[in-house]
Amino acid sequence: MLSIWAAAEPTVWHGLSAAYLGITVVYGHRTVRWVDAKFARRFGEAAAPPRPKLCGRAAVADAWKSWFRFLLAYAISVGLIFGLVVLAGTLDDSAPLLVWLNPLTKVHIYSLTWPMVTTNWPKGCCRRP
């Protein structure tokens, strides 16, 4: 009889599911709220929500909030991947899980570009009439 822990070997798909779960935990509620507003506007005759006018300090704060949100999603995903590595037992068995650390880290580092740009040039993102 097989135990629960010996049911499957870790694969790349387990790493993908850990990344997906981390991103869903952080962004799921915001995404559902956004889709609900779009649906209500399209099919429910609701008024369009006002667009935020992000310029200057507001744009910088929004860019950094967005990046820290992604940092939280990254931390949850990496924590889940390392949790799966511990469950797998050895690094040799869990090598397919660790494949996801490279793209997750790259995307997180690349996403730092926008907050840095808006911090250095806060008025550059404003549209002037």
Side-chain angles (χ1 to χ4, degrees):
M1 181 175 210
L2 289 173
S3 70
I4 295 173
W5 304 111
E9 293 181 20
T11 64
V12 173
W13 301 110
H14 292 102
L16 175 64
S17 64
Y20 176 78
L21 186 60
I23 292 168
T24 302
V25 165
V26 174
Y27 288 102
H29 183 68
R30 287 177 58 109
T31 304
V32 169
R33 248 189 338 197
W34 177 79
V35 169
D36 283 345
K38 293 288 183 183
F39 188 85
R41 180 165 188 254
R42 173 73 170 98
F43 297 107
E45 305 294 325
R51 296 190 80 140
K53 295 186 179 184
L54 298 177
C55 195
R57 285 184 169 206
V60 173
D62 184 64
W64 283 106
K65 281 182 197 174
S66 177
W67 187 79
F68 280 115
R69 229 178 262 120
F70 189 68
L71 176 64
L72 179 61
Y74 173 79
I76 292 170
S77 299
V78 169
L80 287 170
I81 288 172
F82 280 120
L84 291 172
V85 166
V86 169
L87 285 176
T90 65
L91 287 176
D92 293 336
D93 293 339
S94 58
L97 296 170
L98 297 174
V99 167
W100 281 100
L101 293 179
N102 186 19
L104 280 173
T105 304
K106 283 181 180 177
V107 169
H108 184 65
I109 291 170
Y110 297 155
S111 69
L112 185 59
T113 304
W114 184 249
M116 291 176 73
V117 166
T118 55
T119 300
N120 290 328
W121 296 284
K123 294 183 181 179
C125 63
C126 298
R127 292 189 179 139
R128 303 205 194 304

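Along the sequence shown, residues carry numbers from 1. In this text, all values refer to a predicted model and were calculated from it rather than measured experimentally.
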If you measure only the distance, is there a donor-acceptor pair under 3.5 Å linking the side chains of Ser77 and Tyr20? no
Can you tell me how far apart CD1 (Ile81) and OG (Ser17) are? Round to the nearest 0.5 Å. 8.5 Å
Any pair with a residue in residues 75-107 that passes ring-ring contact (aromatic ring centres under 6.0 Å, His included), sequence neighbours left out, goes on the list, sorted by first then second residue, please. none
For His108, does its backbone N or O pair with a side-chain atom of Ser111 as donor and acceptor, under 3.5 Å? yes
Show which residues join Val107 in its hydrophobic cluster (side-chain heavy-atom contacts under 4.5 Å, direct or indirect), or state none. Leu21, Ile23, Val25, Val26, Tyr27, Phe70, Leu72, Ile76, Leu80
Between Ala63 and Pro115, which heavy-atom pair has the shortest distance, and what is it? O-CG, 3.6 Å
Tell me whether Tyr74 shares a hydrophobic cluster with Leu101, the cluster being built from Ile, Leu, Val, Met, Phe, Trp, Tyr side chains joined at under 4.5 Å. yes
Distance (rounded to the nearest 0.5 Å) between Leu16 CG and Leu104 CG: 9.0 Å
Arg41, CZ atom: more than 12 neighbouring heavy atoms under 6.0 Å: no
Nearest 0.5 Å please: distance from the CH2 atom of Trp67 over to the CG atom of Asp62. 15.0 Å
Hey, what's the ring geometry for Phe68 with Trp64, parallel, tilted or perpendicular (30° and 60° as the breaks)? tilted
Value rounded to 0.5 Å, distance of OG in Ser94 from CD in Glu9: 11.5 Å
Side chains of Thr11 and His14, donor plus acceptor under 3.5 Å: yes
Rounded distance [0.5 Å steps], OG1 in Thr31 versus NE2 in His29: 10.0 Å
For Leu98 and Val85 the tightest heavy-atom approach is CD2-CG2, 3.7 Å
